[in-house]
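The structure under discussion appears below in the form of structure tokens.
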2 protein chains.
Amino acid sequence: MKKEKVRERIIRVASELFYKQGYNSTGINQIIAEADIAIGSLYNHFSSKNDLLQAYLVKEELDWFEGFENSVSKISEPKEKILALIDYRKKLQETSKFAGCQFIKIVSEIGEGNPSVSGFARQHKEKQKEVIRTIVNEYAAQTKQADPDLLAENIFLLIEGAVITSTINRENNSFDQVKKLVRGLLP
Amino acid sequence: MKKEKVRERIIRVASELFYKQGYNSTGINQIIAEADIAIGSLYNHFSSKNDLLQAYLVKEELDWFEGFENSVSKISEPKEKILALIDYRKKLQETSKFAGCQFIKIVSEIGEGNPSVSGFARQHKEKQKEVIRTIVNEYAAQTKQADPDLLAENIFLLIEGAVITSTINRENNSFDQVKKLVRGLLP
DNA sequence: GTCTATAGCTAGATAGAC
DNA sequence: GTCTATCTAGCTATAGAC
């Protein structure tokens with residue numbers, strides 16, 4: 001295992017804090033304290049707090065898709081892939097103690113006050129939806145599904161609803177109920 | 001029309017700012033400037049910024065249910081009530097320029113850092129779900145629905161997903177797709 | 001490239017005159 | 001009960017020694 005470089009440590013620490021506490025509630029001073037570096041070092045690697053925020057979003061997107069690929073790589077059946085995606089989001093909620101989706105959170109906090117952030121989040125969610133659409137199209141090719149795009153959109157919405165609901169309620173029932181419905185939608 | 005009292009004006013101004021900009025991004029100084037009062041007056045009516053936050057949440061909950069009642073009061077068919085609820089959330093998104101759900105936003109921003117806030121949001125969402133459950137049970141009584149609670153849960157999740165997605169994408173397509181699916185689920 | 005010291009500003013909150 | 005003046009603490013960011 002290579003030694004973690006300073007820049008990577010900063011991103012890791014900042015990401016954890018932005019995610020758990022929120023971006024505005026996380027100060028530069030807290031980041032440098034927990035990363036155990038001086039403030040001059042931080043500003044040597046990042047030009048501003050907003051610059052760190054961009055690095056956070058890039059990292060979270062990479063992690064998301066990496067984790068997703070690991071979750072479905074051994075599965076060939078489209079229907080099982082969808083169920084594995086739901087289980088993946090469920091697992092992310094558990095391991096983060098129901099901290100929610102990073103991209104929903106940052107849009108909720110900053111919104112259109114920072115267009116590059118909201119634009120990034122928009123693109124990220126579009127990629128997630130595209131993943132679902134691809135799988136549903138595989139499924140539709142096998143089973144003559146009536147309207148695969150509508151189906152993909154609604155599976156996406158159900159999962160998003162489950163994530164936000166599980167965040168608010170701090171429990172994961174919603175994912176199981178989504179799985180029940182999705183099993184019905186994908187007979 | 002009675003003259004708006006100072007306390008009401010503070011709550012109105014603060015609510016708009018908390019909703020549009022976020023709670024942490026809204027300063028006391030901005031609130032008193034836009035409400036056109038002195039800071040001493042604000043702290044005469046509210047003991048802290050957190051106290052204002054509580055008043056904001058109470059107000060938004062009242063407004064939500066008042067608006068909902070207005071939207072469905074003239075409708076008797078359960079299925080149409082569900083569709084009217086979806087249209088209500090859609091209209092809220094349009095009139096707020098896709099600012100999203102106040103309760104999802106505040107939980108995303110503050111989370112468990114303020115348990116009384118997250119608890120309030122949790123209860124609010126439970127009330128929304130109860131509304132759906134009541135309507136779906138009416139529907140089930142007429143049509144021998146297999147599992148009305150599962151159906152209600154999934155309609156709730158679809159709507160939450162549509163709200164968050166319409167907020168991120170700044171357009172309302174999701175609600176129309178939810179309506180299509182719900183029409184299928186309520187034959 | 002990492003450090004310390006600090007500038008410059010804004011936050012939430014309080015005191016006391018009127 | 002509304003006002004002005006002010007406190008303390010925190011913020012992001014920069015300067016300059018090493």
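Here is how names work: the chains are called A, B, and so on, in the same order as the sequence lines, proteins then strands, and each is numbered from 1.
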So do A:T167 and A:Q93 actually touch side chain to side chain, heavy atoms under 4.5 Å? yes
Do side-chain atoms of B:Q145 reach the backbone of B:D147 as a donor and acceptor pair under 3.5 angstrom? no
Taking the six-membered ring of B:Y23, is NZ or CZ of B:K49 closer than 6.0 Å to its centre and within 45° of its axis? yes
Geometric cation-pi criterion A:K90 and A:F175, 6.0 Å radius, 45° cone: no
Is it true that [Y] and [X] share a donor-acceptor pair across their side chains at a distance under 3.5 Å?
{"X": "B:D176", "Y": "B:S174", "result": "no"}
{"X": "A:E109", "Y": "B:S108", "result": "no"}
{"X": "A:R133", "Y": "A:Q128", "result": "no"}

Does anyone know the first and last nucleotide of DNA chain D in reach of chain A, 5' to 3', at under 4.0 angstrom to a heavy atom? D:dC11 to D:dT14
Nearest heavy atom decides the nucleotide; on that basis, is A:G40 or B:G40 closer to the 5' end of DNA chain D? B:G40
Report, one pair per line, the protein and nucleotides 8-11 of chain C atoms (nitrogen or oxygen only) whose separation is under 3.5 Å.
| unit_1 | atom_1 | unit_2 | atom_2 | d |
| --- | --- | --- | --- | --- |
| C:dA11 | OP2 | B:N29 | ND2 | 3.0 |

Students often get this wrong, so: under 4.0 angstrom with heavy atoms, is B:I37 touching a base, only sugar-phosphate, or nothing? sugar-phosphate
Anything under 30° is parallel, anything over 60° is perpendicular, the rest tilted; go ahead and classify B:W64 against B:H124. perpendicular
Starting at the 5' end of DNA chain C, which residue's closest nucleotide do you reach first, A:N44 or A:I39? A:N44
d(CD1, A:I32; P, C:dA5) in whole Å: 13 Å
Nucleotide C:dG12, atom P - distance to CG of B:D51 in whole Å: 14 Å
